[in-house]
Amino acid sequence: QVQLVESGGGLVQPGGSLRLSCAASGSIFSINAMGWYRQAPGKERELVARITSLGSTNYADSVKDRFTISRDNAKNTVYLQMNSLKSEDTAVYYCNVVARRFISVPFSDYWGQGTQVTVSS
């Protein structure tokens, strides 16, 4: 199986920063894209940022110029640096990894358990 362990969430004041990490472990042959999604109360889960195996990135319009996604392929880890946080960034953040366990199987989506980010004074 593939396990994703997230860390770095918490409570921060508006304008502050947080860095989320997500480490993938287990039976992994290769990882394609890695990303972060979030879900606020009463809202649907939405893409925050995504990075491909070649390093191409895309961001939700609401976080452009404030959030930065990066990955360490040697550690199978993806990061999300969040700056200038706003109250509307409050949500549960979920790590997503597109990986395959063996060369003979297709890629599958794997999800972390979620980490709470609360932006409040």
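Please read these numbers as outputs of a predicted model, since none were measured by experiment.
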Approximate separation, where rounding is to 0.5 Å, of [X] [atom1] and [Y] [atom2]:
X	Y	atom1	atom2	value
Q81	I69	CD	CD1	12.0 Å
R71	S21	CZ	OG	14.5 Å
Q13	S87	CD	OG	13.0 Å
S25	Q1	OG	CD	10.5 Å
I31	I51	CD1	CD1	12.0 Å

Which pair of heavy atoms, one from [X] and one from [Y], lies closest together, and at what distance?
X	Y	result
A91	Q116	O-NE2, 3.4 Å
T90	A40	O-CB, 3.7 Å
L80	A49	CD1-CB, 4.1 Å
A33	R50	CB-NH2, 3.3 Å
P14	S121	CD-N, 3.7 Å
P106	R100	O-CB, 3.6 Å

If you define the side chain from C-beta out and look only at heavy atoms, does anything of [X] sit under 4.5 Å from [Y]?
X	Y	result
L11	S120	yes
L47	N58	yes
C95	M34	no
N96	R45	no
M82	R66	no
F67	L85	yes
Y59	T68	yes
V97	I28	no

Taking [Y] as the starting point, is it possible to reach [X] by hopping between hydrophobic residues whose side chains are less than 4.5 Å apart?
X	Y	value
L20	V63	yes
V92	W36	no
Y94	Y110	no
Y79	W111	no

Is the count of non-hydrogen atoms from other residues, nucleotides or ligands lying under 6.0 Å from E44 atom CD greater than 12?
-> no
Got a salt bridge between D89 and K86, using NZ or NE/NH1/NH2 to carboxylate O under 4.0 Å?
->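 Between K86 and D89 there is no salt bridge, as every charged N stays at least 4.0 Å from the carboxylate O atoms.
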